[in-house]
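Working notes, beginning with the structure itself.
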Amino acid sequence: MARGYTIQEDEVKRPLFRSVLIGLMVLALLVAVPVGLILHVRTLRAEQSLEQFEKAMSEGRYGEAVSVYRSVREKALADGADPDSFYRSALEAMEQETGSVLDRIEQKLANGVVLSHEEIALAEGLEELSASRLITAMRALGRRFLLMEIDRAALDLAFDQLENLANVRQGVSGLSGEFDRIEALRPLSAAAAADLAAGRYWASWEGWQQLLSQDDLGSFAREQLLLLAENCRNEMYEPLMEAVRRQMSGGRYLSAQQELIALQAVYPDQAQIAIALEQCAPYVPEKRDVYQGPIEFITVKPLINNPAKAFDGDAYAAAAQDSMLTTTEFSAMLEALYANGYILVDADRLYDAERQIQTLKLPPGKKPLVLVLEGLNYYVTRRETGNSWDLVMDEGGEVAAQRLDDDGRLVVDRTGEAIGILDLFVAEHPDFALDGAKGTISLTGYEGVFGKITDRDQLDDRNQALQDHGMLPLTLSDQDIKANREAVREIVGRLKETGWIFASSTYGFINAREQNLERIKADTEKWLEQVGSLTGPVSILHYPNGAFITGSDERAAYLKDQGFVLFGGIGSTAYLYLGDRYIYVDKVPVNGYTLRNPGQFGLERFFGSRRILDR
């Protein structure tokens, strides 16, 4: 049988495919060669232009350098956004070289150094290459002069050398004529800038507005002040709104509302401000009247949350019986005070920055009351009187007491101390607190703060007290003490957010009246260093056991100079006296003794003590 043959189609096409492929490769090669030659020529020309530019610069032929620069810039622009443009690379190298030279000139100008003739010739000869940079630099010097960052001599020297250069003159025309006027604006401008840097946003904003309200500022000064004010406006919004949110979270709705109203005047179109104002409205009294009656102060010590331990008949039982309240008595007292129309107010709301009595506005029918918690340092002896051991943050981020339960275990309990009890009470009865006010926490520094050793100086006293009571001494590293300080700062921060303020009860709970000036100074310095560094500045001092110093005494003058404004003693009546740079008040102690003897301190005007006393 004859064998059949077939010619497959791909065998026919393969030579044709090869021919086409070879043709394309030859064509690509023919195209690539001239393109490569063109690129090579362009590279050489770009390199030659750069060399020509550098040589002209080094020989002081700045006009020629500018001409070369312009030519290269034109060709770089023609290359568009091509990242591999040789002319663009050459242009960048030229600008980098001139930039380095101009950097040195600007540095000299800022430091008040005289420029060389060559530098001045370069500054003018580079024409538009240097014009923008130098105009910007000289205007920046004017701004720095306004902010008191450079002196007049450096500014005058810079302008004497450059303001009449042909390429600079128009950009700074008339500016030096404003320097005398700017001189008068400098102190307030520098203060406003410093306030902004320190986060004192409203002070900064008011400073810029005060400056802008002045007549005959001049165009440059007005322009700069507007820019500075706008910078302040941009920077302050978020921090101030965050502060408002913290105020609201802590029940400070009246303060938040006042802050929001001020913010709305600056940011009228911010929807967040309007929303926050709506959220505040239900918690702010609809009406407040000027109050002109007596202002009451009452004081309590740490609460007894373990009556079995407090009243076990030991050597500390009498102290617990007389000087303290139980948690149930404190809760009952709050109920009675609320029922009798009292409203808690912040002690520092009573006076202004000039140490003068400030008008107090209250909801109709309410009577002001300042609560003072004294001695929340939790000495070792407090463990013998059934008090808490220290303060901590609970799982919910709130301040709570740490106390022993019936099985002798340390437990965290918000209702174990006055702070948590009052916080919870105000949450249920917000009209018991004006603007979320809770009370004043007056601290010593002896044996620590809130039951924690925050300075090595406190450790000896704490260990001595522990050993005296049959307990093991503490061994703390520097890291342990640092951790304690951070824990106290966290507690302080949350207490401030939730309506508590702080005061001093002296470092060692000393009888101030019996101490000389040197002893008062030493004690105060220790308090400021070890306690005030954690609480922040305070303006209130409560004399231990009411042993006050008269306002004209040199010791009182020293305390006033340390920032203390309100001084508290002990008394049976609502007493408030305005003296020379200070205010003195008396506090009514509420404890086991005064509850059993209510007539001695007039407790009947607050509540019926029989309903409070836990027999």
Side-chain angles (χ1 to χ4, degrees), residues 297 299-302 323 347-348 350-351 353-357 370 372-379 381-382 439-450 452-462 464-465 485 488 492 501-571 575-589:
F297 281 69
T299 181
V300 301
K301 292 187 180 296
S323 64
D348 57 7
L350 305 181
Y351 50 91
E354 283 69 46
R355 303 181 178 224
Q356 298 300 307
I357 300 295
V370 176
V372 180
L373 305 183
E374 287 192 275
L376 292 185
N377 296 74
Y378 300 106
Y379 315 122
T381 54
R382 297 295 194 217
T440 303
I441 298 173
S442 192
L443 297 168
T444 68
Y446 181 73
E447 279 193 44
V449 181
F450 299 148
K452 306 177 192 303
I453 300 300
T454 59
D455 191 280
R456 190 159 297 281
D457 181 49
Q458 303 160 0
L459 188 57
D460 290 344
D461 293 327
R462 170 56 63 91
Q464 184 61 57
R485 290 177 66 85
V488 168
V492 166
I501 63 175
F502 292 89
S504 169
S505 284
T506 75
Y507 180 87
F509 203 68
I510 61 174
N511 185 323
R513 187 183 299 162
E514 295 181 355
Q515 309 300 322
N516 60 29
L517 178 59
E518 292 307 312
R519 178 72 174 89
I520 294 290
K521 284 184 176 180
D523 180 272
T524 304
E525 288 170 2
K526 286 184 70 172
W527 193 95
L528 293 172
E529 179 183 350
Q530 297 184 27
V531 187
S533 60
L534 302 175
T535 63
V538 301
S539 59
I540 303 171
L541 190 149
H542 286 290
Y543 289 114
N545 299 316
F548 67 91
I549 302 172
T550 58
S552 58
D553 191 296
E554 65 173 352
R555 296 169 295 175
Y558 164 77
L559 292 170
K560 287 185 281 186
D561 289 342
Q562 306 315 302
F564 295 110
V565 179
L566 189 145
F567 296 82
I570 297 291
Y575 181 79
L576 186 152
Y577 170 77
L578 174 63
D580 176 24
R581 297 193 303 129
Y582 77 100
I583 297 166
Y584 176 83
V585 298
D586 270 337
K587 306 183 298 294
V588 174

Candidate pair I510 and I520, rule side-chain contact (heavy atoms from CB on, under 4.5 Å), full reasoning | CA-CA 9 Å; I510 61 174; I520 294 290; 4.2 Å; yes
Looking at [X] and [Y], what are the two nearest heavy atoms and their distance?
X: Q530; Y: Q458; answer: OE1-NE2, 3.1 Å
X: Y543; Y: A512; answer: CD2-CB, 3.8 Å
X: A347; Y: F297; answer: CB-CE2, 4.4 Å
X: G571; Y: V588; answer: O-CG2, 3.4 Å
X: D561; Y: R581; answer: OD1-NH2, 3.1 Å
X: V492; Y: L534; answer: CG1-O, 3.7 Å

Is it the case that the side chain of [X] and the backbone of [Y] share a donor-acceptor pair, with hydrogens and angles ignored and the cut-off at 3.5 Å?
X: T440; Y: F502; value: no
X: K587; Y: I570; value: no
X: D523; Y: T506; value: no
X: K521; Y: Y558; value: no
X: R555; Y: Q515; value: yes
X: N377; Y: Y379; value: no

Report the distance from atom [atom1] of [X] to atom [atom2] of [Y], rounding to the nearest 0.5 Å.
X: S504; Y: L443; atom1: OG; atom2: CG; value: 8.0 Å
X: D348; Y: I540; atom1: CG; atom2: CD1; value: 5.5 Å
X: F509; Y: E447; atom1: CZ; atom2: CD; value: 13.5 Å
X: K301; Y: S323; atom1: NZ; atom2: OG; value: 6.5 Å
X: T524; Y: Q562; atom1: OG1; atom2: CD; value: 6.5 Å
X: D586; Y: L576; atom1: CG; atom2: CG; value: 9.5 Å

Would you say T535 and I441 make side-chain contact, with heavy atoms under 4.5 Å?
-> no
Side chains of L566 and V585 in contact at under 4.5 Å (non-hydrogen atoms) | yes
Non-neighbouring partners of F450 that pass ring pair (Phe, Tyr, Trp, His ring centres under 6.0 Å), sequence neighbours left out = none
Going through the distances and angles, do T299 and H542 end up as a side-chain contact (heavy atoms from CB on, under 4.5 Å)?
-> CA-CA 10 Å; T299 181; H542 286 290; over 6 Å; no
Return each pair, listed once, that meets salt bridge (charged side-chain N to carboxylate O under 4.0 Å, His left out) where at least one residue sits in residues 524-544; pairs must be two or more places apart or across chains.
-> D457-K526
For V372, which of S442, S505, P589 qualifies under side-chain contact (heavy atoms from CB on, under 4.5 Å)?
-> S442
Using the ring of Y582 (Phe, Tyr or Trp, six-membered ring only), decide whether R355 places NZ or CZ under 6.0 Å from its centre and within 45 degrees of its axis.
-> no
Can D553 and K560 be counted as an ion pair, charged N to O under 4.0 angstrom?
-> no
Which one of F548, Y577, F567 satisfies the ring-ring contact (aromatic ring centres under 6.0 Å, His included) criterion with Y584?
-> F548
